[in-house]
2 protein chains.
Amino acid sequence: MARYHDIAEAVRGAITRGFYERGSQLPSERELSEEFDVAPGTIRQALGELETEGVLASRRGSRRTVVGEPRPAATFEEFRSFAQWASSRGRVPAGHVISGVWQDASPLDREELRLPTAARVFCVVRVRLLDGSAIMVERTRYRDSVGAEVEQISSDCPSVTAWLAATANITFSRAEHQFSACPAGAEDARLLNVRRGSPLLMHKRVSFSRDGLPLEWSVDRYVAGTISLVVDNSLNANALRWA
Amino acid sequence: MARYHDIAEAVRGAITRGFYERGSQLPSERELSEEFDVAPGTIRQALGELETEGVLASRRGSRRTVVGEPRPAATFEEFRSFAQWASSRGRVPAGHVISGVWQDASPLDREELRLPTAARVFCVVRVRLLDGSAIMVERTRYRDSVGAEVEQISSDCPSVTAWLAATANITFSRAEHQFSACPAGAEDARLLNVRRGSPLLMHKRVSFSRDGLPLEWSVDRYVAGTISLVVDNSLNANALRWA
DNA sequence: AAGTGGTCTAGACCACGTT
DNA sequence: ACGTGGTCTAGACCACTTT
């Protein structure tokens with residue numbers, strides 16, 4: 001739809017097809033604006049997209065440089081949702097609910113979800129399978145408005161995210177993630193079929209609505225070696241920090 | 001220097017000071033352009049910066065919404081460099097080199113660093129300390145041009161990154177990171193003073209120059225519980241993917 | 001000196017969401 | 001119907017780098 005996005009895709013495609021080689025130089029923005037018959041600003045917007053992806057690096061005075069392979073450009077949803085990620089890779093996601101109960105919000109819940117002093121949260125423990133084997137246990141706590149919807153989802157629904165978007169018009173637009181490592185606890189070991197104390201990748205996540213309201217927070221634990229996380233960052237765009 | 005950046009900072013500051021409350025609504029872009037006496041496009045660029053940070057969320061028809069607390073906006077360097085991160089937090093970074101040797105590039109080196117079939121790499125093993133205790137072991141492999149500089153660095157230099165920038169004019173402009181969990185091996189256990197098999201956060205990293213040339217790649221292993229990684233993503237800007 | 005990217009102007013039109 | 005953000009135009013000037 002947007003012209004600048006089409007141009008970005010066109011340039012990305014030209015790089016993929018080898019028309020522009022790695023390390024070679026793109027035409028100047030003014031030349032490109034004539035070639036595509038758009039205003040220079042539109043070209044800048046297009047190239048800006050590719051710069052953020054790390055495909056291009058710009059230099060003044062000299063000419064801008066083609067840097068690397070274009071990335072598949074993973075979407076936000078693909079990352080946030082286990083099922084959508086798996087499907088996009090041609091793997092088979094599955095999952096079942098171990099428990100789903102309403103609890104009074106703990107102080108931690110109230111902080112993460114910005115809840116008033118008296119509030120309930122819907123707590124779900126799920127085990128996620130990839131191609132038939134358990135790789136992750138997920139402990140999620142939903143704020144009441146979302147929990148009321150989640151409660152109605154059948155326990156073997158492959159994608160909670162997709163269900164919420166389709167039937168309750170609840171979508172996530174931003175998330176904050178924290179990663180660390182931890183030893184498997186007793187319940188982890190039982191659910192994931194690993195030994196106690198074996199290494200797990202821990203992923204804490206808080207997901208927000210478009211309005212910035214925290215909708216859920218979750219602690220997921222992955223069996224080491226099954227899955228890993230990839231992040232790009234650059235001088236232009238950095239979404240990472242240590243804590 | 002750039003007007004749009006000043007405006008972004010001004011709005012960020014206004015949010016921090018509570019002038020705009022969380023969940024409240026910003027003036028329209030046209031109003032802001034009058035207030036700051038700039039063209040509308042400049043305002044868009046400024047607000048775009050805040051949207052990517054997740055501080056603002058925009059909606060059409062209604063008015064755009066102030067979403068959350070402004071983040072400290074960690075810089076790329078702060079994340080890439082252990083020493084710079086630690087210093088910025090008022091903690092004491094230290095490190096010493098366990099070994100530093102030239103080796104023939106392995107097939108893996110050649111792939112990660114895009115080297116020709118015959119090439120050397122400079123391999124360094126370092127232990128990093130935070131406030132006096134060992135928390136990370138780092139195994140880095142530099143391409144020869146960088147290795148030649150690294151070789152001259154004294155073994156207790158706190159920040160290799162800062163040294164390279166200052167004396168050899170070598171700067172990193174982009175990096176790709178991969179995170180997973182793994183058990184401590186024999187050497188890890190000895191260097192980090194933990195038991196074999198205890199969980200470590202594994203961080204593989206490839207760093208690139210402005211021109212997209214891979215300069216080094218590294219596998220760092222952190223003692224679980226000492227440090228964790230935080231990432232933001234959103235529908236607008238997503239730098240994460242599973243692998 | 002010439003060319004480039006980075007920034008900015010002062011508009012325009014459209015699609016969308018709310019009223 | 002109206003106001004909003006999203007996109008785009010057709011320029012301009014400056015800072016920087018290389019020639």
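Residue numbers start from 1 in every chain, and the chains themselves are labelled A, B, ... in the order their sequence lines are given, proteins ahead of strands. Atoms considered below: every heavy atom in the structure, side chains included; atoms not considered: hydrogens, waters and symmetry mates.
The distance between atom CD of A/Glu29 and atom P of C/dC8, rounded to the nearest whole Å, is 15 Å. The distance from atom CG of B/Leu32 to atom P of D/dG3 is 17 Å, rounded to the nearest whole Å. Rounded to a whole Å, the CD atom of B/Glu34 is 15 Å from the C1' atom of D/dT4. Nucleotide D/dT7 holds its C1' atom 12 Å from the CD1 atom of A/Ile7, rounded to whole Å. When rounded to the nearest whole Å, the span between CD of B/Glu31 and C1' of D/dG5 equals 13 Å. Rounded to whole angstrom, the span from the CD atom of A/Gln25 across to the C1' atom of D/dT17 amounts to 13 Å. Distance, A/Arg3 CZ to C/dA12 C1': 18 Å, rounded to whole Å. In this structure, B/Ile43 places its CD1 atom 15 Å from C1' of D/dT4, rounding to the nearest Å.
Between the side chains of A/Glu151 and A/Trp102, at least one donor N or O lies within less than 3.5 Å of an accepting N or O. Looking at A/His177 and B/Asp232, their side chains never bring a donor and an acceptor atom within 3.5 Å of each other. Inspection of the A/Ser228 and B/Gln178 side chains reveals an N or O donor paired with an N or O acceptor under 3.5 Å.
Although no hydrogens or angles enter the test, the distance criterion places a donor-acceptor pair under 3.5 Å between the side chain of A/Arg143 and the main chain of A/Leu113.
Aromatic rings from B/Phe208 and B/Trp217 are positioned such that their centres are separated by 6.0 Å or more.
Nearer to the 5' terminus of DNA chain C, by closest-nucleotide assignment, is the contact made by A/Gly41 (compared with the other of A/Gly41 and B/Arg60). If A/Tyr4 and A/Arg59 are placed on DNA chain D by their nearest nucleotide, the residue sitting closer to the 5' end is A/Tyr4. DNA chain C is contacted by both B/Gln45 and A/Arg63; A/Arg63 maps to the nucleotide lying nearer its 5′ end (nearest heavy atom per residue).
Of the candidate nucleotides D/dG5, C/dT7, C/dT4, D/dG5 has the atom lying nearest to any side-chain atom of B/Arg64.
Residue-to-nucleotide contacts include a donor-acceptor pair under 3.5 Å from the side chain of A/Arg30 to the base of C/dG5.
Close to C/dT9, at under 4.0 Å from its OP1 or OP2, lies a side-chain N or O of B/Thr42.
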